[in-house]
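For reference, the structure discussed in these notes is given below.
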Amino acid sequence: MIPPSTWSLCDRLALQSLRVLSIEQMLLATASTENLESCLYHPPAALLRILQPGLFHRWNVTELRDSAQVQLELCRRNNVRVVAQDDHEYPALLRTIPYAPFLLFVQGTLPDATTPTVAIVGTRRCTSYGAMVTREFAQTLSHAGACVVSGLANGIDTIAHEEALKGKGNTVAVIASGCDKVSPGQAEHLAARIVDAGGAIVSEYRCGTRALPPYFPQRNRIISGLSTSVVVVESGLRGGSLITADFAREHQRRLLSVPGNITSERSAGTNRLIQEGLALAVLDARHLLDICALHAPAHSSGPLPEFSSHEEEQIYHSLSREALHVDAIAEGLDQSVSALLVHLLSLEFKGLVQQLPGKFFVQARP
């Protein structure tokens with residue numbers, strides 16, 4: 001734990017707005033001086049060349065503080081808290097990484113230090129396979145009491161957050177904009193649901209800041225920093241998920257990768273991580289729990305499925321976690337496609353079957 005500082009949040013925001021200091025230099029300034037004036041008028045020796053005495057005048061300090069007060073009011077109106085590194089709320093795990101954010105902007109509730117945190121990341125353009133794996137992993141982690149961390153992007157991230165909300169755990173979304181500038185609308189709606197369900201939206205960017213391309217790789221270090229394990233579900237040979245994987249290795253986090261179809265470009269990155277020995281292959285949800293030293297609740301298998309007819313039961317047991325086309329199912333059961341689709345629709349309503357694009361079906365966990 002960093003010793004408490006005499007610096008107010010207003011002064012820290014004012015210092016951050018100078019944009020001439022690195023995170024390490026801001027931490028040095030707040031640790032070795034009493035407030036903004038003492039830092040600017042009598043800078044520590046290590047910062048003399050950057051904060052030259054006489055460069056800042058008293059009207060500058062007033063202006064900086066006034067601007068910081070405007071930001072604090074904007075945060076207040078959006079129910080966003082500003083959390084400094086020496087604050088008890090600042091995640092201890094995140095504080096250990098290089099270039100941990102000087103200030104965190106938090107909307108909602110961060111998990112406590114005893115809650116396991118696992119990141120699930122992947123491509124925005126996921127396949128039905130990637131979506132299915134993400135659903136199963138996020139649900140399993142959530143039911144085991146873990147917090148699922150991701151980046152609120154389309155595809156794998158969104159599915160991970162959505163499925164975590166269905167469990168008894170919670171979820172944290174790390175974003176590349178201010179907490180009040182979540183976009184597009186679908187992500188804004190999901191962010192509100194995450195907060196309402198007891199999770200959190202986290203950013204190192206001030207309220208009012210819109211996402212820019214350079215901010216996304218920067219936020220990926222926070223996704224890794226908040227997590228004990230990072231799971232890459234689907235990724236090409238380039239992309240944000242592999243940047244997160246690089247951070248996970250740098251941060252000495254457990255790095256896991258889901259094997260994929262060797263002919264699929266969207267599994268090329270995850271397969272390469274395994275091939276080069278950079279990540280451990282995770283083969284199913286039970287394997288994931290074992291690796292992360294988590295335990296599924298005794299009732300996790302759920303109640304036995306209830307069927308309306310013998311035909312429904314027969315169809316359900318003919319399916320597996322591998323996608324089958326409706327024509328193949330009909331041929332295997334010697335049924336007409338039209339009759340089969342009626343039963344499949346009924347099973348979908350019961351949550352026992354999931355339909356994938358192209359009239360493919362898989363067995364869903366009851």
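All heavy atoms count here, side chains included; hydrogens, waters and symmetry mates do not.
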- Roughly how far, to the nearest 0.5 Å, is the CD atom of Gln275 from the OG1 atom of Thr270? 11.5 Å
- Say whether, by atom type as modelled, one donor and one acceptor occur between the side chain of Thr228 and the main chain of Thr117 under 3.5 angstrom. yes
- Would a distance-only check, ignoring hydrogens and angles, find a side-chain to backbone donor-acceptor pair under 3.5 Å from Arg272 to Leu237? no
- Please answer whether the main-chain N or O of Cys207 pairs with a side-chain N or O of Asp180 as donor and acceptor at a distance below 3.5 Å. no
- Query: Taking all non-hydrogen atoms of both residues, which atom of Leu242 and which atom of Gly236 are closest, and how far apart?
  - Reply: CD1-O, 3.3 Å
- Query: With no hydrogens and no angle check, is any side-chain donor or acceptor of Thr30 less than 3.5 Å from a backbone partner on Leu27?
  - Reply: yes
- Task: Taking all heavy atoms of Phe307 and all of Leu347, pick out the closest pair and write down the distance.
- Result: CD2-CD2, 4.0 Å
- Can you name the closest pair of heavy atoms from Glu163 and Ala138 and give their distance? CB-CB, 3.7 Å
- Query: Linking I/L/V/M/F/W/Y whenever their side-chain heavy atoms sit closer than 4.5 Å, directly or via other members, would Leu13 and Val83 fall into one cluster?
  - Reply: no
- For atom NE2 of His189, decide whether the heavy atoms of other residues, nucleotides or ligands shown that lie under 6.0 angstrom number more than 12. no
- Query: Is there a donor-acceptor pair closer than 3.5 Å between any side-chain N or O of Gln218 and the backbone N or O of Glu204?
  - Reply: no
- Message: Please identify which of these residues, Leu226, Asp112, Asn170, Val118, meets the side chain to side chain contact (heavy atoms under 4.5 Å, CB included) condition with Cys147.
- Response: Asn170
- Query: What distance do His251 atom NE2 and Leu94 atom CG have between them, rounded to the nearest 0.5 Å?
  - Reply: 8.5 Å
- Query: Which pair of non-hydrogen atoms, one from Asn220 and one from Phe247, has the smallest distance, and what is that distance?
  - Reply: C-CD1, 3.9 Å
- Item | Taking every non-hydrogen atom, the tightest pair across Gln85 and Ile23 | NE2-CG2, 4.5 Å
- Can you tell me how far CG of Leu51 sits from CG of Leu15, rounded to the nearest 0.5 angstrom? 7.5 Å
- Atom pair CG (Asn78) and CZ (Phe105), whose distance is rounded to the nearest 0.5 Å: 12.0 Å
- Message: Looking at Asp87 and Arg81, is there a salt bridge between them, counting it only when a charged N and a carboxylate O are closer than 4.0 Å?
- Response: no
- Task: Output yes when a side-chain donor or acceptor of Ser142 lies under 3.5 Å from a complementary backbone atom of Ala164, and no otherwise.
- Result: yes
- Query: So how far is it from Leu141 CG to Leu289 CG, rounded to the nearest 0.5 Å?
  - Reply: 6.0 Å
- Task: Group every Ile, Leu, Val, Met, Phe, Trp and Tyr by side-chain heavy-atom contacts under 4.5 Å, then state whether Val20 and Leu28 land in the same group.
- Result: yes
- Could you tell me how the ring of His325 sits relative to the ring of Phe360: parallel (under 30°), tilted (30 to 60°) or perpendicular (over 60°)? perpendicular
- Leu273 vs Arg249, side chain to side chain contact (heavy atoms under 4.5 Å, CB included): CA-CA, chis, key distance, verdict: CA-CA 11 Å; Leu273 289 173; Arg249 293 173 57 225; 5.6 Å; no
- So, are Glu162 and Arg193 salt-bridged, with charged N and O less than 4.0 Å apart? yes
- Task: Look only at the side chain of Arg124 and the backbone of Ala153, and say whether a donor-acceptor pair between them is shorter than 3.5 Å.
- Result: no
- Mark yes when over 12 heavy atoms from residues, nucleotides or ligands other than Lys350 sit less than 6.0 Å from its NZ; otherwise mark no. yes
- Test item: Ser150 and Thr171 side chains (from C-beta on) under 4.5 Å apart, heavy atoms: no
- Message: Surrounding CD of Glu331 (heavy atoms of other residues, nucleotides or ligands, distance under 6.0 Å), is the total greater than 12?
- Response: no
- Give a yes or no on whether Tyr99 and Tyr215 share a hydrophobic cluster (residues Ile, Leu, Val, Met, Phe, Trp, Tyr; joining criterion: side-chain heavy atoms under 4.5 Å apart). no
- Please confirm whether the backbone N or O of Glu34 pairs with a side-chain atom of Thr6, one donor and one acceptor, at under 3.5 Å? yes
- Note on the structure: All heavy atoms of Asn154 vs all of Gln186, minimum pair found to be OD1-OE1, 4.4 Å
- Checking salt bridge (Lys or Arg N to Asp or Glu O under 4.0 Å) for the pair Arg65/Glu37: CA distance, chi angles, key distance, verdict? CA-CA 11 Å; Arg65 281 198 174 122; Glu37 285 97 344; 2.7 Å; yes
- Determine, stepwise, if the pair Gln355 / Lys359 fulfils side chain to side chain contact (heavy atoms under 4.5 Å, CB included). CA-CA 7 Å; Gln355 182 175 179; Lys359 295 294 182 183; 3.5 Å; yes
- Polar side-chain atom of Ser241 near backbone of Val121 as donor-acceptor pair, under 3.5 Å: no
- Item | Single-linkage hydrophobic cluster, 4.5 Å side-chain cutoff, Val149 and Phe216 together | no
- In Å, rounded to the nearest 0.5 Å, how long is the span from CG of Leu190 to NE2 of His161? 6.5 Å
- Is a donor on one side and an acceptor on the other found under 3.5 Å between the side chain of Arg219 and the backbone of Val174? yes
